[in-house]
Amino acid sequence: MAMAAAAPTVPICHGRRASPCSSKQVSVSVSVAMRAWASKSSSLSSSSSKSPRLVAAHATAVATKEAASTTSSSQGGHELLMFEALREGLSEEMERDPKVCVIGEDVGDYGGSYKVTKGFSEKFGSWRVLDTPIAENSFTGMAIGSAMTGLRPVVEGMNMGFLLLAYNQIANNCGMLHYTSGGQFTIPIVIRGPGGVGRQLGAEHSQRLESYFQSVPGLQMVACSTPYNAKGLMKAAIRCENPVILYEHVLLYNLKEKIPDEEYVCCLEEAEMVRPGTEITILTYSRMRYHVTQAAKTLVDRGYDPEIIDIRSLKPFDMYTIGESVRKTHRVLIVEECMRTGGIGASLRSAIMESFWDELDGPIGCLSSQDVPTPYSGPLEELTVVQPHQIVTAVENLCGKK
Amino acid sequence: MAALSSLRVAVPQLDSRRTLPCSHFGGAGCEKAFFRCQSSKLLLGAGCVAGEKAPRVAGGGNVRAAVSASKAVTEKPNSGSKSDKADLLVTKDEGLELYEDMVLGRSFEDMCAQMYYRGKMFGFVHLYNGQEAVSTGFIKLLKQTDFVTSTYRDHVHALSKGVPARQVMAELFGKSTGCCRGQGGSMHMFSAEHGLLGGFAFIGEGIPVAVGAAFTSKYKREVLKEEGDMPVSIAFFGDGTANNGQFFECLNMAQLWKLPVIFVVENNLWAIGMSHYRSTSDPEIWKKGPAFGMASAHVDGMDVLKVREVAKEAVERARRGDGPTLIECETYRFRGHSLADPDELRAPAEKAHYAARDPIVALKKYLLDNEIATEAELKSIEKKIDEVVEDAVEFADASPLPGRSQLLENVFADPKGFGIGPDGRYRCEDPGFTAGTAQV
């Protein structure tokens, strides 16, 4: 049997690894700051023998610069769109490990409804890029069965909303089987697809499933927001032994960014510092990151200094990055696209309150989408989602007018 | 159908409620022709062409005479000497293996009932009494590398697949020595070592998992170029599940990709209190296979030899790469749906009818009448099984309950999934984690 060659050690940016991870700066259209973690190894006292050595971290926020990274290649990276970044990550993982396969509707001949798997059918063959009939519950279950027996499937939901049909398999089998079987079967599956509110796609195509799945024990959830983290999270999710749901956003697929040429993998459990600040911590993810950064321009003009963190890991939350920020700013605003009721913001709010109550100077603000089925009509749709001016107002209310 | 006249077969006496008018049962005027063996209706839908009248056997399959274990005594030759060994369906070793497996299933389930009423196990316990022929008939043909998925009625599938009785009983008692460390329970028996992929509480849930295991088998062949026997998967489920969407979706996908999976319907006529005839527009489940182009069979599931006959063909088809088969087994559960079910809806006449077709009694009769085994040998098997079951109970009783530290283990294969705590370390690094007290 052809075995994939052992992959060379790749630097995990923001990595918690024993080997030093140099700081990398990437020029992007939106400000992105990378953290360099100093490494200090410590042994793991858990019963699992699979976890690598973990390190404690000292964060040093690095301001955005157009400078070349110390270890980046001489070419300085290449520019691409987010769906191409996802494609690149997926392709690299499929080349690296022949057990990785893609299962979903129109992933093969059609190249994916958002072209993430374009060209894969010719490259990898139709068994590795399986065009399925329209049967989400069953093909997700099939992917789970194949994950239990040795493969590493990536299930694509044509739209995340369609995965509601697979809820039975995702909740009962995907998340729980490792535990219910007493640890006998691992399910290294990745479930991904575009979700979120698009441009007048109507209620059923505009769903945010992160709130529905967050309660399922045994699942990890990450949301990508830039080409850089999209590729890194895709690779990390495929390599992870846990089942991971990777949330992509329909409106972000055409985001352009320059990403490194050399291989990199992002850490699934870590948050990303977008803009360091001192006055208020704004926690966000996916598309709302851009509404927040847009609002930040106005806020900075008015004399505020917000710290913006893209939480990226929706389950579990990176309580260290968030905590360090809260200890600095003492004020928190959560901006999300999820529904207000039972959303990610609701969970995050309670987690922060529980861990950092003493650090807070005021209540945690939370801006979420309205609890309405997303209407078709443009102005109404705009009203359901948080807009930059609302973020500005919320920050002014929490920090006081200037 | 001239070929059939030379077969020494027993025509099953179908219950009148089960005989339905159907124009597709062969005969004149039939638009689709099927080859039908009277004791096991083998419906070979693949390659079936509308308009053909002559009986055809798709794929050149050779259906041997399936001598019913329960009717064998009427078929004995008049010479009075031993039956022609060539006509027997099992060797002595096979016969004893089948007998032992069925007796194990029955004794184990009877012991479960006792233990439940003594308060050693709780929750929902669904017993398999009466259906042993299906589990034994199929699973004893499989290798350790083949896969099985089941439903909540999975104790006997686990035992047939080779999971030690001790581990199953300990699991039922909720002890950490159970096959799932006490975390699964009656409805979630798993064994990676024996290829048992579960044990599922929701009906229909296990079928896609079996199809997935079959997909892996085929993938390893097509993509990874692995050689050797292709592992096959069997999905066991009931008549109620045959109305569920996952059933139909999986029939389609399995046939589409010719996956090595066998769909076994254990039709015991009842889904808790819902009669199969009240919930199904066309109760003949085996006819649903050809709608997907899939080979199908209906078999007397109270007769382990008939089941084994059909199973052999299905397993060989799958292993060859010829694709899936749908097999409906007419069977019956002697007990209620679960130990909590008062079982008031089923007519006593129906229960009596099937009690008279007890698969263990039938096999015993066949083995003795055909002098394949002696009374003493069978008795010694029964005694051995009694000891195995007693030992299983003792083992389970003596085993420890899971400690607190077990609570958080196995939630994730990689415990980094619990995330990073406020102190910057992964939560699973917290010493409280292994004590089950970590803040996660």
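FYI, side chains are in, hydrogens and waters are out, and symmetry mates aren't considered; it's all heavy atoms of this structure. Each chain gets a letter, A, B and so on, in the order the sequences are listed, and its residues count up from 1.
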| Which is it for B/Arg427 and A/Met319 under the side chain to side chain contact (heavy atoms under 4.5 Å, CB included) test, yes or no, and what are the steps along the way? | CA-CA 10 Å; B/Arg427 290 193 195 271; A/Met319 294 313 285; 3.2 Å; yes
| task | List the steps, then state whether side chain to side chain contact (heavy atoms under 4.5 Å, CB included) holds for B/Phe418 with A/Gln220. | result | CA-CA 9 Å; B/Phe418 281 113; A/Gln220 273 189 254; over 6 Å; no
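- Distance check, rounded to the nearest 0.5 Å: CE of A/Met176 to CZ of B/Phe200 gives 11.5 Å.
- For the atom pair CG of B/Asp414 and OG1 of A/Thr186, the computed distance is 11.0 Å after rounding to the nearest 0.5 Å.
- When the candidates A/Ile103, A/Leu219, A/Val244, A/Thr140 are compared by the number of heavy-atom contacts under 4.5 Å with chain B, A/Leu219 comes out ahead.
- Separating the OG atom in A/Ser181 from the CG atom in B/Asn410 is a distance of 7.5 Å, to the nearest 0.5 Å.
- Here B/Leu251 contributes atom CG and A/Ser138 contributes atom OG; the two are 9.5 Å apart, rounded to the nearest 0.5 Å.
- The candidate with the highest count of non-hydrogen atom pairs below 4.5 Å against chain A, out of B/Ser191, B/Ala214, B/Gly245, B/Gly178, is B/Ser191.
- If you measure heavy-atom distances from B/Val211 to chain A, the contacts under 4.5 Å come from both the backbone and the side chain.
- Rounding to the nearest 0.5 angstrom, the gap separating the CD atom in A/Gln184 from the CZ atom in B/Phe190 is 8.5 Å.
- In terms of heavy atoms, B/Phe202 sits closest to A/Asn168 at CD2-OD1, 3.4 Å.
- Residue contact with chain A, scored on non-hydrogen atoms closer than 4.5 Å, is absent for B/Ser233.
- Judged by distance alone, with hydrogens and angles left aside, the side-chain atoms of A/Asn242 form a donor-acceptor pair with the main-chain N or O of B/Ala413 at under 3.5 Å.
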Output a table of donor-acceptor pairs, distance under 3.5 Å, between side-chain atoms of residues 126-134 of chain A and any protein atom two or more places apart or on a different chain; print 'none' if there are none.
from, atom 1, to, atom 2, distance (Å)
A/Trp127, NE1, B/Glu222, OE1, 3.4
A/Arg128, NE, A/Val100, O, 3.2
A/Arg128, NE, B/Tyr219, OH, 3.0
A/Arg128, NH1, A/Met94, O, 3.3
A/Arg128, NH2, A/Met94, O, 2.8
A/Arg128, NH2, A/Asp97, O, 3.0
A/Arg128, NH2, A/Val100, O, 2.8
A/Asp131, OD1, A/Asp106, N, 3.4
A/Asp131, OD1, A/Val107, N, 3.0
A/Asp131, OD1, A/Gly108, N, 2.8
A/Asp131, OD2, A/Asp109, N, 3.1
A/Thr132, OG1, A/Gly104, O, 3.3

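- With hydrogens and angles ignored, the 3.5 Å screen pairs no side-chain donor or acceptor of A/Ser146 with any backbone N or O of B/Gly212.
- Heavy-atom minimum distance, B/Val223 versus A/Pro98: CG1-O, 4.3 Å.
- Using a 4.5 Å cut-off between heavy atoms, A/Leu177 contacts chain B through its side chain alone, with no backbone atom that close.
- The environment of B/Glu227 atom CD is sparse: at most 12 non-hydrogen atoms of other residues, nucleotides or ligands sit within 6.0 angstrom.
- Heavy atoms closer than 4.5 Å to chain B are found nowhere in A/Leu268, neither backbone nor side chain.
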| said: For A/Met148 and B/Thr216: C-alpha separation, side-chain torsions, deciding distance, then whether side chain to side chain contact (heavy atoms under 4.5 Å, CB included) applies. | reply: CA-CA 9 Å; A/Met148 286 165 80; B/Thr216 301; over 6 Å; no
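- The candidate from A/Gly218, A/Pro243, A/Ser355, A/Cys240 with the greatest count of non-hydrogen atom pairs under 4.5 Å with chain B is A/Gly218.
- In this structure, B/Lys220 NZ and A/Thr149 OG1 are separated by 6.5 Å, a value rounded to the nearest 0.5 Å.
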| Step by step, would you call B/Phe412 with A/His178 a side chain to side chain contact (heavy atoms under 4.5 Å, CB included)? | CA-CA 7 Å; B/Phe412 291 103; A/His178 182 72; 5.8 Å; no
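- Annotation: side-chain hydrogen bond (donor to acceptor under 3.5 Å, both in side chains) contacts of A/Lys235 (sequence neighbours excluded): A/Glu92, A/Glu93, A/Glu263.
- Neither the backbone nor the side chain of A/Phe124 comes within contact range of chain B; no heavy atom of the residue lies under 4.5 Å from a heavy atom of that chain.
- Between chain A and the options B/Gly417, B/Gly419, B/Ala201, the largest number of non-hydrogen pairs under 4.5 Å is found for B/Gly417.
- Closest approach of A/Arg327 and B/Pro422 over heavy atoms only: NH2-O, 3.9 Å.
- Residue B/Phe247: no heavy atom, backbone or side chain, is found under 4.5 Å from chain A.
- Listed by sequence position, the residues of residues 148-164 of chain B in contact with chain A number zero, using a 4.5 angstrom heavy-atom cutoff.
- A donor-acceptor pair under 3.5 Å is absent between the side-chain atoms of B/Glu205 and the main chain of A/Asn173, judged by distance alone.
- For B/Asp423 against A/Tyr320, the heavy-atom pair with the smallest separation is C-CD1, 3.7 Å.
- Close approach to chain A, defined as a heavy atom under 4.5 Å from one of its heavy atoms, is seen in B/Cys179, B/Cys180, B/Arg181, B/Gln183, B/Gly184, B/His188 of residues 179-188 of chain B, taken by number.
- With a 4.5 angstrom heavy-atom cutoff, B/Leu256 touches chain A only via side-chain atoms.
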